[in-house]
Amino acid sequence: MSVTISVLDWYDKSKRDLPFRNTVNPYCVWLSEVMLQQTQVETVIPYYNKWLEKYPSIRSVALAKQSELLKYWEGLGYYARCRNFHKSAKIIVKYNHGIIPDNWDEFRSLPGVGDYTDAAVLSIAFKQPFPAIDGNIRRVMARILGRRKFSKRNMDIIRSTLYKWIHTEKPGDFNQAMMDLGACVCFPTNPDCMNCPVNRYCKAFASGNPMNYPLKKQHKKIPHHTNVAGIIWCGNQFFIQKRDPSGMLGGLWEFPGGKVESGESLVEALKREIEEECGIGTNIIKQVGSINHAYSHFSITLHLFHCKTNGQVLKPERKHQWITPSEIKQYAFPKANHKLFTILNNNDWCI
DNA sequence: AATCCGTGGCT
DNA sequence: TAGCCAAGGAT
């Protein structure tokens, strides 16, 4: 017996029925790997199914507009993944006849493809023996090998060990088995060592305190901001603007607004932001409601206001639209806006 | 090397 | 509950 055999044996018995588990189609594997980055399986499944129904091939992605793709990514987060997948699809169709490359360097050079995704796609879709190293496998290996830190030296040891252990006939299964082990048994806290197929090989288990592996690094605590946003009405239409494609929540739509500076009232901040962003003067009518939202590196309390204007736009720095409430379904918005929509729907969008 | 980039679920 | 963590990549 060995770690390889034990893990694969366990995998065959405990195999989870996931939509992207039963395919070796490179496009499907790639799509699932991108969606699964820093995102849990249960969250991905509905997005994966809907995307595949709408975009069944790499060509269909290449032909699509970014705004359409973002609509299908809406709410999934880390939107650069979607933009990069689109870029890659266009590159492959334009320069490689729509054929997804099956060698390390070519695939690795595509936007949004890093070491993990490269190894995952090449091993699962093309049966090549590259070990994929994600957060789960790092933790599993740190425990098996008894390494507390992810230093460069320890990562080299983890990687070379995985190259030694990976099953050359079933590299994709080995990678997925190791990831499942991390997700379903070797939890970050309270690992289920008694049901672990490789506990007899595990130094962390032998130590009696598996949670000591790996060492947790302390995170910076994230700041909290107070933000304001305005629904600027002109007749039965209101104003939305498109965010810069390269930045945070890039290419998504939002109500104008921004951060409240210290010493500023909510109304003062909103008037300033609307003037800066849209160049329109507004009358602020009333506050509609507030929501809390946490991003990865800061959190906000966002206050929403009904406003009125004559509709004149003097210096739009971003792409913008005047739309009616029913048209909002055509546009991709970040999650915080959906919380605002909930408030608005409860109020029937009344001014 | 450290930080930025979303969101949801869990404790 | 406030923080931690998840099938990472780009800068």
Side-chain angles (χ1 to χ4, degrees), chain A residues 11 16 18-21 28-48 70 73-85 87-88 107-125 130-141 149-152 155 172-184 186-191 211 214-224 243-252 254 291-300 302 332-339:
Chain A
Y11 181 64
R16 292 191 287 175
L18 307 175
F20 32 82
R21 266 290 153 70
C28 298
V29 172
W30 183 11
L31 174 66
S32 71
E33 291 302 337
V34 173
M35 284 188 166
L36 286 162
Q37 286 168 17
Q38 299 289 276
T39 312
Q40 300 199 337
V41 168
E42 300 306 320
T43 308
V44 166
I45 289 174
Y47 282 90
Y48 174 80
L70 281 173
W73 205 274
E74 186 182 57
L76 194 53
Y78 285 152
Y79 299 95
R81 295 181 293 176
C82 180
R83 303 193 301 265
N84 283 332
F85 192 62
K87 281 186 206 164
S88 290
F107 191 63
R108 179 67 175 78
S109 71
L110 293 164
V113 177
D115 287 347
Y116 167 78
T117 305
D118 202 356
V121 172
L122 289 191
S123 65
I124 297 170
F130 293 104
I133 305 178
D134 74 324
N136 283 317
I137 295 185
R138 271 178 19 149
R139 181 179 62 260
V140 170
M141 292 303 286
K149 296 181 180 175
F150 294 120
S151 59
K152 187 181 184 313
M155 285 309 295
D173 281 357
F174 175 77
N175 283 333
Q176 292 180 83
M178 291 290 284
M179 286 188 272
D180 269 15
L181 193 59
C184 304
C186 193
F187 305 117
T189 58
N190 304 323
M211 296 241 320
L215 223 52
K216 316 220 181 207
K217 61 168 191 183
Q218 38 202 337
H219 283 189
K220 248 178 37 176
K221 74 194 248 185
I222 63 171
H224 184 85
R243 296 179 59 89
D244 185 302
S246 60
M248 182 177 171
L249 307 172
L252 300 180
E254 65 177 7
I291 57 108
N292 290 309
H293 189 71
Y295 296 97
S296 47
H297 53 298
F298 66 93
S299 61
I300 59 168
L302 177 55
F333 291 89
K335 209 70 182 183
N337 284 70
H338 285 275
K339 297 184 180 177

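These numbers come from a predicted model, not from an experiment.
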### Query
Do A:R16 and A:V41 touch side chain to side chain, with heavy atoms closer than 4.5 Å?
yes
### Task
Would you indicate what A:I137 reaches in the nucleic acid, counting non-hydrogen atoms under 4.0 angstrom: base, sugar-phosphate, or nothing?
nothing
### Query
Reckon A:A132 touches a base, only the sugar-phosphate, or nothing at all at heavy-atom distances under 4.0 Å?
nothing
### Query
If you check every side-chain atom of A:Q37, which of C:dA7, C:dA10, C:dG8 has the closest atom?
C:dG8
### Message
Could you tell me how far apart A:L76 (CG) and B:dT7 (P) are, to the nearest whole angstrom?
### Response
9 Å
### Task
Begin with the C-alpha distance, continue with both residues' side-chain angles, and end with the deciding distance and a verdict on ring-ring contact (aromatic ring centres under 6.0 Å, His included) for A:Y295 and A:H293.
CA-CA 7 Å; A:Y295 296 97; A:H293 189 71; 4.7 Å; yes
### Query
Do A:E74 and A:K335 come within less than 4.5 Å of each other through their side chains, counting heavy atoms only?
no
### Task
Round to the nearest Å and state the distance from A:E33 atom CD to C:dA6 atom P.
16 Å
### Query
A:N175 near the nucleic acid: base, sugar-phosphate alone, or nothing, with a heavy-atom cut-off under 4.0 Å?
nothing
### Message
Can you tell me which nucleotide in B:dG8, B:dG6, C:dA7 comes closest to the side chain of A:D180?
### Response
C:dA7
### Query
Looking across every strand, which nucleic acid part, if any, lies under 4.0 Å from A:F298 by heavy atom: base, sugar-phosphate, or nothing?
nothing
### Query
Where do A:R21 and A:D180 land on the salt bridge (charged side-chain N to carboxylate O under 4.0 Å, His left out) test, with the steps shown first?
CA-CA 12 Å; A:R21 266 290 153 70; A:D180 269 15; 3.0 Å; yes
### Task
Keeping the roles fixed (side chain from A:R81, backbone from A:Q37), state whether a donor-acceptor pair exists under 3.5 Å.
yes
#### Entry: A:R243 side-chain N/O to A:E254 backbone N/O, donor-acceptor pair under 3.5 Å
no
### Message
Just to be sure I understand the rule, does A:V113 reach a base, reach only the sugar-phosphate, or reach nothing, if contact means heavy atoms closer than 4.0 Å?
### Response
sugar-phosphate
#### Entry: Of A:K339 and A:H297, the one whose closest DNA chain B nucleotide lies more 5'
A:H297
### Backbone of A:A132 reached by a side-chain donor or acceptor of A:N175 within 3.5 Å
yes
### Task
Give the intermediate values and the outcome of ring-ring contact (aromatic ring centres under 6.0 Å, His included) for residues A:W30 and A:F85.
CA-CA 9 Å; A:W30 183 11; A:F85 192 62; 4.9 Å; yes
#### Entry: First encountered from the 5' end of DNA chain C, between A:G112 and A:F20
A:F20
### A:H293 side-chain N/O to B:dT7 phosphate OP1/OP2 under 4.0 Å
yes
### Query
CG of A:L36 versus P of C:dA7: gap in Å, rounded?
9 Å
### Query
Would a 4.5 Å heavy-atom cut-off, applied to side chains only, mark A:L252 and A:Y79 as touching?
yes
### Task
Would you mind classifying the nucleic acid contact of A:T117 as base, sugar-phosphate or nothing, using non-hydrogen atoms under 4.0 angstrom?
sugar-phosphate
### Message
Please confirm whether the shortest side-chain N or O distance from A:Y295 to OP1 or OP2 of B:dC4 is below 4.0 Å.
### Response
no
### Nearest-angstrom distance, P atom, B:dG6 to C:dT11
14 Å
### Summary
Between CE of A:M248 and P of C:dT11 the distance, given in whole Å, is 17 Å
### Message
Less than 4.0 angstrom between a side-chain N/O of A:Q38 and OP1 or OP2 of C:dA6, yes or no?
### Response
no
#### Entry: Rounded distance in Å between the P positions of B:dA2 and C:dA7
23 Å
#### Entry: Rounded distance (Å) that lies between atom C1' of B:dC5 and atom CZ of A:R243
11 Å
### Query
Which part of the nucleic acid, if any, lies within reach of A:G182 when heavy atoms closer than 4.0 Å are counted: base, sugar-phosphate only, or nothing?
nothing
Sub-3.5 Å pairs of nitrogen or oxygen atoms, protein against nucleotides 3-5 of chain C:
residue	atom	partner	partner atom	Å
C:dC5	OP1	A:K216	NZ	3.0

### Whole-Å distance separating the CG atom of A:N337 from the P atom of B:dG6
13 Å
### Query
Rounded to whole angstroms, how far apart are OH on A:Y78 and P on B:dC4?
12 Å
### Task
Name the residue closer to the 5' end of DNA chain C, choosing between A:L110 and A:V41 according to the nucleotide with the nearest heavy atom.
A:V41
### Task
Starting from P on B:dG6, measure out to CD1 on A:I291 and report it in whole angstrom.
15 Å
### Task
Pick the P atom in C:dC4 and in B:dT3, then give their distance to the nearest Å.
14 Å
### Query
Can a donor-acceptor pair under 3.5 Å be found between the side-chain atoms of A:T39 and the base atoms of B:dG6?
yes
### Message
When you measure only distances, ignoring hydrogens and angles, does the side chain of A:Y116 come within 3.5 Å of the base of C:dG8 through a donor and an acceptor?
### Response
no
